Asker: 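Okay, handing you the structure first.
Each chain gets a letter, A, B and so on, in the order its sequence line appears, and its residues count up from 1. Nothing here was measured: the structure is a model prediction, and the numbers come from that model.
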Protein chains: 2
Amino acid sequence: MTDSTWQIPRIALAVDLAVLTVRNNALQILLVERGVDPWRGQRALPGGFLANDQEDLDAAAERELAEETGLDISRLYLEQLRAYGAPDRDPRSRVVTVCYVAFVPDLPTPEAGGDAQTAAWVPVQAALDHDTRLAFDHKRIVADAVERVRSKLEYTTLATSFCPPEFTVTDLRQVYETVWGETLDQRNFHRKVTGTAGFLVATGEQATGQGGRPAALYRPGPATTLHPAMLRPTTSANNQPRRIPCAVDA
Amino acid sequence: MTDSTWQIPRIALAVDLAVLTVRNNALQILLVERGVDPWRGQRALPGGFLANDQEDLDAAAERELAEETGLDISRLYLEQLRAYGAPDRDPRSRVVTVCYVAFVPDLPTPEAGGDAQTAAWVPVQAALDHDTRLAFDHKRIVADAVERVRSKLEYTTLATSFCPPEFTVTDLRQVYETVWGETLDQRNFHRKVTGTAGFLVATGEQATGQGGRPAALYRPGPATTLHPAMLRPTTSANNQPRRIPCAVDA
DNA sequence: ACTATTTACGTCAACCTGACGTAAATAGTA
DNA sequence: TACTATTTACGTCAGGTTGACGTAAATAGT
């Protein structure tokens with residue numbers, strides 16, 4: 001296969017971000033409006049090419065996050081989602097993108113980025129709507145990111161990443177309900193999260209109530225994984241009867 | 001940040017494979033011996049650069065798998081693991097690699113690849129041993145792949161990917177025991193897998209016994225996910241008390 | 001036949017979950 | 001002050017799942 005004239009192909013590498021938050025009772029994702037072709041004027045995930053050929057991927061993700069969103073880097077969770085490399089995903093030239101997912105609390109309107117385009121929170125339901133168009137293959141990436149966060153809430157404590165530093169059990173439950181799009185029984189949820197060692201640490205303080213019994217305030221505990229997991233109620237999305245002999249995930 | 005002279009950096013993109021199987025009562029991974037510098041003579045994951053600047057990532061993974069291992073492409077599971085892009089992971093130049101994990105049954109010795117180096121199955125325990133040296137950051141990739149397969153067995157039916165087309169409950173249990181490195185109670189395992197709808201489909205045939213009651217033969221069923229999951233017994237690896245404020249997974 | 005071995009199925013207590021009842025503690029209002 | 005609506009915290013109970021372990025069924029070897 002390698003004849004003497006073959007050279008290693010060099011391609012453009014981008015880093016894109018799926019920044020998720022819970023705002024106004026909805027799971028929202030940060031999208032920017034593209035100022036240049038292709039897809040000028042269309043919404044896209046924040047991101048960009050490596051700054052130079054020595055930049056680390058994780059560092060590039062953090063840089064883009066700071067540049068394009070101006071979000072506080074300290075109060076967030078960031079992990080790699082996966083790489084997307086279909087040959088025709090960018091009409092200009094071959095671009096492979098390494099995507100990251102970030103979970104951020106509902107901060108006081110980060111909105112406009114320090115870079116170029118205007119950033120805006122968009123409910124994922126709207127972003128994934130059949131009529132909505134996103135640049136490149138970003139719609140599929142959004143779908144993957146949403147599925148990632150939904151399953152992460154099942155077996156990790158990362159729901160606290162969407163909460164303020166101190167929060168009530170009801171705050172946490174609303175994060176779960178919003179991300180999953182399901183209503184949960186308050187009593188069973190309370191029993192589960194307060195009964196899981198290391199999930200929550202009571203501050204001793206109480207939330208200033210809006211009427212009703214005051215709620216205890218908690219901070220995130222040391223646990224990162226849930227045992228046993230907290231499973232979504234109607235797991236209709238799972239148990240898919242599809243079978244993939246040779247998978248190369250679709 | 002983007003001055004007028006800035007150009008999109010173009011980097012070399014590799015695709016590496018973590019091909020896992022269960023052989024001789026051990027989880028083994030396919031490694032090749034490098035014939036060229038850097039790391040000449042050291043063991044490494046099979047893989048290589050994109051064939052051209054238009055090759056799809058998944059297609060490249062399948063091509064490398066066929067080229068370097070000669071494995072039957074049909075009876076396997078292949079999914080992307082993640083991208084690795086530390087700036088110094090290749091001393092020659094910047095190389096970002098997109099890694100894939102493959103689960104293959106214990107085939108009759110695929111061994112030598114059609115390409116260059118000699119391929120060999122290596123128990124992951126040996127590959128991850130402190131004294132073992134692997135090329136590049138491949139040791140870390142192997143560790144990630146092993147953790148991926150271990151957790152995949154918990155909530156999917158992919159253990160059947162390691163089995164021959166028809167297998168017994170004991171075959172399947174030995175896959176779990178080997179991958180997890182734990183012994184499981186035969187009776188509880190039998191109850192669990194036969195009681196999970198869609199996991200196994202009885203062929204009606206019986207295994208030709210080596211003494212002892214003959215075992216029923218099964219084929220993989222239509223289910224892909226397990227509900228509820230089959231959790232590892234000693235979940236010591238989980239519940240790690242480590243806490244990552246800003247994670248960018250380590 | 002008899003034994004060792006392996007598979008298949010059963011029992012039981014402990015635990016977890018889902019469904020739902022209820023008391024405790026507040027804000028608002030008469 | 002008393003009453004009500006609201007919200008949080010805690011309890012009950014049946015059903016399902018798991019872990020530990022007992023036992024019968026079906027084979028190969030002696």
Asker: Spell out, as yes or no, whether a donor-acceptor pair under 3.5 Å connects the side chain of A:E33 to the backbone of A:A119.
Answerer: no
Asker: Near DNA chain C, under 4.0 Å by heavy atom, which residues of residues 186-195 of chain B?
Answerer: B:R187, B:H190, B:R191
Asker: What base-paired stems does DNA chain D take part in, with at least 3 consecutive Watson-Crick or G-U wobble pairs and both distances under 3.5 Å?
Answerer: C:1-30 with D:1-30
Asker: Test ring-ring contact (aromatic ring centres under 6.0 Å, His included) on B:F167 and B:Y218 and set out the steps.
Answerer: CA-CA 5 Å; B:F167 53 88; B:Y218 295 91; 7.1 Å; no
Asker: Does B:K152 use its side chain to pair, donor to acceptor, with the backbone of B:T157 at less than 3.5 Å?
Answerer: no
Asker: Answer yes when B:R232 and B:E154 have at least one side-chain N-carboxylate O distance shorter than 4.0 Å, and no when they do not.
Answerer: yes
Asker: Return the minimal non-hydrogen interatomic distance between B:V22 and B:D106, and the atom names on each side.
Answerer: O-CB, 3.4 Å
Asker: What is the distance from atom CG of B:L30 to atom CZ of B:R23, rounded to the nearest 0.5 Å?
Answerer: 9.5 Å
Asker: DNA chain D: B:A229 or B:Q206, which has the more 5' nearest nucleotide?
Answerer: B:A229
Asker: Once rounded to the nearest 0.5 Å, what's the spacing between atom CG of B:L81 and atom CZ of B:R148?
Answerer: 5.0 Å
Asker: Contact boundaries of DNA chain C with chain B (under 4.0 Å, heavy atoms), 5' to 3'?
Answerer: C:dT5 to C:dT11
Asker: If you round to the nearest 0.5 Å, how far is OG1 of B:T183 from CD of B:Q174?
Answerer: 12.0 Å
Asker: Under 3.5 Å, is there a donor-acceptor pair between the B:D16 and B:Y84 side chains?
Answerer: no
Asker: Which residues pass the ring pair (Phe, Tyr, Trp, His ring centres under 6.0 Å) test with A:F103, not counting sequence neighbours?
Answerer: A:Y77, A:F162
Asker: Taking B:I141 as the fixed residue, which of B:V146, B:L134, B:V101, B:L45 is the one that meets the side-chain contact (heavy atoms from CB on, under 4.5 Å) rule?
Answerer: B:L45
Asker: Mark yes when over 12 heavy atoms from residues, nucleotides or ligands other than B:Q125 sit less than 6.0 Å from its CD; otherwise mark no.
Answerer: no
Asker: So which one's nearest nucleotide on DNA chain D is more toward 5', B:D185 or A:R213?
Answerer: A:R213
Asker: Return the residues of residues 170-177 of chain B meeting this criterion: a heavy atom under 4.0 Å from some atom of DNA chain D. Order them by number, or give none.
Answerer: none
Asker: Starting from the 5' end of DNA chain C, give me the residue, A:M230 or B:Y218, whose nearest nucleotide shows up first.
Answerer: B:Y218
Asker: Could you pull out the protein-nucleic contacts involving nucleotides 28-30 of chain D (nitrogen or oxygen on both sides, under 3.5 Å)?
Answerer:
none

Asker: Quick one: does any side-chain atom of B:R150 pair with a main-chain N or O of B:V179 as donor and acceptor, under 3.5 Å?
Answerer: yes
Asker: Closer than 3.5 angstrom, by distance alone: can the side chain of B:T194 be matched with the main-chain N or O of B:H190 as a donor-acceptor pair?
Answerer: yes
Asker: Can you find a pair of side-chain heavy atoms, one from A:E177 and one from A:V175, that are under 4.5 Å apart?
Answerer: no
